[in-house]
Protein chains: 2
Amino acid sequence: MSKVTIYDISKKLNISAATVSRALNNNPKISLKTRELVMKTAEEMNYEQNTLALALKSGKSNTVGILVPYMNRSFFSSVIRGIEEELYPHGYHVIICQTRDDAKSEVQNINTLLNAQVDGIFMSVSKNTKDTGHIDRVLQKGIPLVFFDRKKNIPGVSSVTIDDFNGAYMSVEHLIKQGCKRIAHFLGDINLEIYKDRYNGYLRAMTDYNLPIDKNYIIRTNSKVESGTAAVKKLMQLPSPPDAIFSSSDFTALGAVQELKKTGIRVPDDICISGFSNESFTQYTEPTMTTVDQTPIKMGKMSARVFLEQIDEEISVTIEKKVVLSPQLVIRDSSDRLKKK
Amino acid sequence: MSKVTIYDISKKLNISAATVSRALNNNPKISLKTRELVMKTAEEMNYEQNTLALALKSGKSNTVGILVPYMNRSFFSSVIRGIEEELYPHGYHVIICQTRDDAKSEVQNINTLLNAQVDGIFMSVSKNTKDTGHIDRVLQKGIPLVFFDRKKNIPGVSSVTIDDFNGAYMSVEHLIKQGCKRIAHFLGDINLEIYKDRYNGYLRAMTDYNLPIDKNYIIRTNSKVESGTAAVKKLMQLPSPPDAIFSSSDFTALGAVQELKKTGIRVPDDICISGFSNESFTQYTEPTMTTVDQTPIKMGKMSARVFLEQIDEEISVTIEKKVVLSPQLVIRDSSDRLKKK
DNA sequence: GAAATTTATGTAATCGATTGCACTAAATTA
DNA sequence: TAATTTAGTGCAATCGATTACATAAATTTC
């Protein structure tokens, strides 16, 4: 039950602990005979390296922290999986924290991670994060930080995102090709770049296709289902309601669909709807929902790689990498008029 | 950037590091004057305790591991939240691992956690876990282990579960009260107790209400959507198809509903359906789905408390606590015939 | 006022692994 | 053969905090 240490091995073999340590680490200075003997004995005695001691000595905890708004969103949980998969072979494990989109909780969680002496932090900032004091503290300590999806523009900090502008553009273009002309947009929190970009993609697609942009068609939402319900109610009261909605979130898109069905408006026949994120429920809804896949696993893997490259640079050159992945439009029934016919 | 240690403080104040340590830990042996001085200086110098050193010295990492099949299921993510909330004030942080219901991955993850020297492990075993060698290793090391939801019966190991039998019973009883008589059951993997219990609850309710049990109505499923689709196809080919399905999983229930809708069979008018777990998508489906809530947050909090009690017992008495929580039936449209009329 | 307590602090070992430096013995070179 | 190199190993410090034990100073007791 009590732990076997290198001292136990050294005593048993009548050699020094230093030799044992070196043998276990395949130090070439140690003779093959000794090395093999040590290895064998360690095996026999069920020796396991004490990671805490190693961590203290090396100053590396071999742990990274991941900060997400909600870990039970398929997007975020997939990113996490990507990070884990990429980092696992390098001996890292992962502490996951949820902010529940609350700036205070974000600060608190960053403190927890710093306190746990993580070797790096991956984060997707929460919606209402304005102050960046906690982020500055991370940087001051020289701890590698990688933003994914939701980033802040901070010099020297790398990020992995998708091309939200293009994702939005493709989505709106698709709606236009379905014959839609009065396309509304559910705008997310513009404190976050991703929503600004999606908004801009929407605007560009509209102007590129010479469609008028009606201010009344642009509704602020907060990526909750109810918010989509409320938004669509507003839209439907307009003298000329839209014939499509490009939502910046799957959740609000869902709320819209639910409300429309309740009032007897048919999707996609009367109005086309598309969401964003490819949440897993989008394939279960009635109708199934068109959305934009953000390639989360790839995003996670890329983030991990950026991190690994960063710690490889012995000299802490503040290299700043901005990786932008391409999103994938996933066309489903909620917008697919052509297939239906 | 370089860390401030107690030695830095001791040098600055010309006192020993021991005194600094004691002062910071509010040791009453230290005079008030010194204590306050140390506190103030530590504050000024931005001292932060090195948790790795503390961990090495104390042998406690203040980290616990949580092992779940899928962290993006609302049930599991809520349990995790419950555990975190309860443990956070005690200074613990949490490492979350996913097994993706794979026994091999479970073993690997347990190794990772042991290697990270966690102070305790919370786990919900994966479906196909037969061998318990990895669990035994945890126990041999004297690391507190708490099963939640999906447990193995191992002497000396505590668990927090819900009364699955009763949850099933309530569900089936509810279906019977809707006027259903030919009630089918989607059986989960009977390697897991929870599914056995749900099955038994189903059987008991049927016999209590003098309803015949038709073997053809009991279908093995694997809690995937497609599995539900396949199962309901089988059922509908029977000479006398069922008028209700009690599914041991929300996912299979969803698959059933989707397939039924496709073939024009109305839910709940022609057939009532109920699931299990209160996954968040169940409130979004069409119709909304009746299910059983497993009070996951409470389950997480209870698990955490069991763990805390366990480590409080200085003497490692192998106290074994079996906490069983009461599930809640959530009645929604997929089974609610009476409301509809 | 000497002895016995109490209070406050310091010394040094400890947790387990790593590693620069020193050292011995063997091997190579001149 | 003497001098030099090289291979293999040990010594001891280090990472940062804790704590049993020792000790010095202050206080109380009789």
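All values below come from the heavy atoms of this structure, side chains included, with hydrogens, waters and symmetry mates left out. Just so it is clear, the model here is predicted, and its values are computed rather than measured. Chain identifiers are assigned alphabetically (A, B, ...) following the order of the sequence lines, protein sequences preceding nucleic acid strands; residue numbering begins at 1 within each chain.
Electrostatic pairing of B/Glu85 and B/Arg81 counts as a salt bridge here, judged by a charged N lying under 4.0 Å from a carboxylate O. Ion pair A/Glu48/B/Lys141 flagged as a salt bridge, since at least one NZ, NE, NH1 or NH2 atom sits closer than 4.0 Å to an Asp/Glu carboxylate oxygen.
Nucleic acid contact for B/Thr5: sugar-phosphate only, since backbone atoms but no base atoms lie under 4.0 Å from a heavy atom of the residue. Among the protein residues, A/Glu48 comes within range of the sugar-phosphate backbone only, with heavy atoms under 4.0 Å from sugar or phosphate atoms but none that close to a base. Nucleic acid contact for B/Ile15: sugar-phosphate only, since backbone atoms but no base atoms lie under 4.0 Å from a heavy atom of the residue. Counting non-hydrogen atoms under 4.0 angstrom, B/Leu54 reaches the backbone sugars and phosphates but no base. At the heavy-atom level, B/Thr34 lies under 4.0 Å from the strands shown only through sugar-phosphate atoms. Using a 4.0 Å heavy-atom criterion, one finds that B/Ser21 contacts the bases of the nucleic acid, with or without backbone contacts as well.
Between the P atom of C/dT7 and the CG atom of B/Leu32 lies a distance of 14 Å, rounded to the nearest Å. Across the protein-nucleic acid pair, B/Tyr7 atom OH and C/dG10 atom C1' stand 13 Å apart, rounded to whole Å. Atom-to-atom, NZ of A/Lys57 to P of C/dT14 comes out at 19 Å; the value is rounded to the nearest Å. Rounded to whole Å, atom C1' of D/dG8 lies 16 Å from atom CG of A/Asn14. Atom CG of B/Asn27 is separated from atom C1' of D/dT18 by 11 Å (rounded to the nearest Å). For the pair A/Leu52 CG and C/dT18 P, the computed distance is 13 Å after rounding to whole Å. Rounded to an integer number of Å, the gap from NZ of B/Lys11 to P of C/dT9 is 20 Å. Protein atom CG of B/Asp8 is 10 Å distant from nucleotide atom C1' of D/dG16, rounded to whole Å.
Residue B/Thr19 places at least one side-chain N or O under 4.0 Å from the OP1 or OP2 atom of C/dG10. Taking side-chain N and O atoms only, B/Tyr47 has a distance below 4.0 Å to OP1 or OP2 of D/dA17.
Listed nucleotides C/dG10, D/dG16, D/dA12 differ in distance to B/Arg22; the shortest reach to its side chain belongs to C/dG10. Minimum atom distance to the side chain of A/Lys29 is reached by D/dG8, of the listed C/dG16, D/dG8, D/dG10. Side-chain proximity of A/Asn50 to D/dG10, D/dG16, C/dG16: nearest is C/dG16. Distance from the side chain of A/Ile6 is smallest to C/dT18 among C/dT11, C/dT18, C/dC21.
No hydrogens or angles considered: a donor-acceptor pair under 3.5 Å links the side chains of A/Gln117 and B/Asn50.
Here the side chains of A/Ser158 and A/Glu309 are not in contact, with every heavy-atom distance at 4.5 Å or above. A/Asn111 is not listed as a side-chain neighbour of A/His134, based on a closest heavy-atom distance of 4.5 Å or more.
Looking at A/Arg35, its side chain has no donor and acceptor atom pair within 3.5 Å of the base of D/dG8.
Heavy-atom nearest nucleotides on DNA chain C were determined for B/Leu56 and for B/Ile30, and the one closer to the 5' end corresponds to B/Ile30. With the nearest nucleotide of DNA chain C identified for both A/Gln49 and B/Ala17, B/Ala17 has the one nearer the 5' end.
In this structure, the separation between CZ on B/Arg137 and CD1 on B/Ile110 is 8.0 Å, given to the nearest 0.5 Å.
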